[in-house]
Amino acid sequence: MATLALPRARSVRERVRQWWLARLPATDEHVLTQRNLYVLPTRPGWMLAVTLALLLLGSINYQLNLGYLLTFLLTGAAGASVLVGHANLRGLRLRVRVDGDAFAGRPLPVRVALQAPGRRTRWAVALAWAQPGADPVATDVAGGAAEVMVPLVLPRRGRHRLPPLGIETRYPLGVARIWSWWRPSLAVTVWPAPEPSAPPLPAAASTPTDAADRPLAADGAPIGASADLPDGVRPYRAGDSPGRVLWKKAARHDGDPAGWLVREATPTTGDTRLWLDDAACGLSDVEARRSRLCAWVLQADARGIVYGLRLPGCTIEPGTGPAHRRHCLEALACH
């Protein structure tokens, strides 16, 4: 029965904790004051309290003056450590910002800035997210300011608000835990985790615009082409840019545009546009398709390919660059 009661007690305690954390107001910054700092003895603190009680009983029973002295000296030191630990956190101001990209299941670099009034060093300040298995990160606030990175792992894609952040210290003796909770108002967009071994990019659609598709003249030759002229050169037409005119040859015709020649623009082989389509992934699971499309977006962006994205109810026209990449990843996160 004891083995079954212990997990149940932990579950009830966790539910009460989550209910209490959900009632905290979301704020942009958090200032530690006497109203939001809490104090409880640690396990070593409880052991010290039991030891002091035994010392006091022994001193009373045997009328030991040195026993009284030791008991009250240790009690005073423990009480003073609680006041010092409370002052160690009181007055701290916390702000949070997110650096880097947020992918589901990967550590998100979240930086917490701590500011303290005055120049006194605040020792052994620990920060940890309210998540199962979250490891605390400890730092010292020297010179009135410090910044520490507290990694955060969000398992699902989408728009998420940061979980509550716990701040605590057990300085200086470790007999008491002084802590506070902060619920940041900052929200982040978590992109799908890219597929580790994604297949190659799908084939791009090509729109030919080469010489074979140019308009033809009445004699069947492409407009602008002439058998008597070298490749890349054609007769001048009204509206041509002056920068493309061959002025050395034009000088021989005494300013008559009929004999001028211009450099012809190099024909392109096609307007290649890559479409990343949700229906072309070949996967039945929605999350698996988003993961594959995320990997394709990253591949296309790294190779400098012009690409677009098609999702159910959302179409992003082809483009390139960091802004286009972010637009596509945000669409994958929220659709």
Side-chain angles (χ1 to χ4, degrees), residues 14-15 17-30 94-112 127-135 137 149-166 181-199 201-202 275-302 307-319 321-335:
E14 186 64 24
R15 289 182 181 179
R17 179 191 179 195
Q18 294 298 330
W19 172 82
W20 181 73
L21 291 177
R23 293 175 60 87
L24 292 176
T27 58
D28 295 332
E29 67 176 17
H30 186 58
L94 291 86
R95 293 187 180 89
V96 66
R97 63 184 176 89
V98 177
D99 288 341
D101 300 333
F103 290 97
R106 296 185 179 181
L108 171 64
V110 181
R111 295 192 174 274
V112 180
L127 306 170
W129 300 107
Q131 284 187 330
D135 296 326
V137 178
M149 188 180 72
V150 187
L152 173 65
V153 178
L154 297 173
R156 296 184 302 275
R157 66 182 177 92
R159 188 75 174 169
H160 299 280
R161 180 170 287 174
L162 297 182
L165 179 67
W181 285 102
W182 173 35
R183 191 178 172 201
S185 59
L186 180 64
V188 295
T189 302
V190 180
W191 303 331
E195 187 177 1
S197 56
L201 292 171
W275 281 102
L276 305 178
D277 199 330
D278 179 79
C281 288
L283 299 171
S284 58
D285 183 67
V286 175
E287 297 303 321
R289 294 201 300 269
R290 296 296 179 272
S291 198
R292 177 164 295 181
L293 288 172
C294 179
W296 281 351
V297 166
L298 297 178
Q299 290 182 29
D301 180 75
Y307 63 95
L309 181 66
R310 289 195 183 109
L311 297 173
C314 176
T315 300
I316 299 178
E317 293 298 323
H324 180 70
R325 169 179 172 268
R326 186 175 187 87
H327 189 194
C328 292
L329 291 176
E330 288 181 350
L332 291 174
C334 300
H335 287 78

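For the atom pair CZ (R97) and CZ (R111), the distance works out to 6.0 Å, reported to the nearest 0.5 Å. Going from atom CE of M149 over to atom CG of L108 covers 9.5 Å, rounded to the nearest 0.5 Å. Rounding to the nearest 0.5 Å places SG of C281 at 6.5 Å from CZ of R292. We find the SG-CG distance between C328 and L276 to be 7.5 Å, quoted to the nearest 0.5 Å. In this structure, CZ in R161 is found 6.5 Å from OG in S185, a value given to the nearest 0.5 Å. The distance from atom CG of L94 to atom CH2 of W182, rounded to the nearest 0.5 Å, is 6.0 Å.
Nearest approach of A198 to A295, heavy atoms of both residues: CB-CB, 3.6 Å. Of all non-hydrogen atoms in P184 and W129, the two that sit nearest each other are CG-CZ3, 4.4 Å. Of all the heavy atoms in D101 and P109, the pair that sits closest is O-CD, 4.3 Å.
In this structure the side chain of R15 never reaches within 4.5 angstrom of the side chain of W20, judged on heavy atoms. Contact check for L309 versus L332: side-chain heavy atoms found under the 4.5 Å cut-off. R106 places a side-chain heavy atom less than 4.5 Å from the side chain of P194. Taking the side chain as every heavy atom from C-beta outward, V96 and H30 never approach each other to under 4.5 Å. You'll find the side chain of L165 stays beyond 4.5 Å of the side chain of V110, heavy atoms only. L298 places a side-chain heavy atom less than 4.5 Å from the side chain of R325. Considering only heavy atoms from C-beta on, P151 stays 4.5 Å or farther from V153 through its side chain. At a threshold of 4.5 Å between non-hydrogen side-chain atoms, the residues E317 and T315 count as touching.
Contacts of H324 classified as ring pair (Phe, Tyr, Trp, His ring centres under 6.0 Å), with partners at least two apart in sequence or in another chain: Y307. Under the rule for a salt bridge (Lys or Arg N to Asp or Glu O under 4.0 Å), the partners of R289 that lie at least two apart in sequence or sit in another chain are D278.
Heavy-atom contacts from other residues, nucleotides or ligands closer than 6.0 Å to CG of D285 number more than 12. Applying the 6.0 Å contact sphere to NE2 of H327 captures no more than 12 heavy atoms from other residues, nucleotides or ligands. Counted within 6.0 Å of CZ on R156, heavy atoms from surrounding residues, nucleotides or ligands total 12 or fewer; the atom is thus considered open.
Using a distance-only test at 3.5 Å, with no hydrogens or angles considered, no donor-acceptor pair links the side chain of R183 to the main chain of A26. The closest donor-acceptor contact from the side chain of W296 to the backbone of P199 lies under 3.5 Å. Side chain of R159 to backbone of A333: no donor-acceptor contact under 3.5 angstrom is found. Judged by distance alone, with hydrogens and angles left aside, the side-chain atoms of R290 form no donor-acceptor pair with the main-chain N or O of P192 at under 3.5 Å.
Paired with V98 under the rule side-chain contact (heavy atoms from CB on, under 4.5 Å), one option of L152, L186, T189 passes, and it is L186.
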Starting from the C-alpha separation in whole Å, work towards a yes-or-no answer on side chain to side chain contact (heavy atoms under 4.5 Å, CB included) for E330 and W191.
-> CA-CA 7 Å; E330 288 181 350; W191 303 331; 3.8 Å; yes
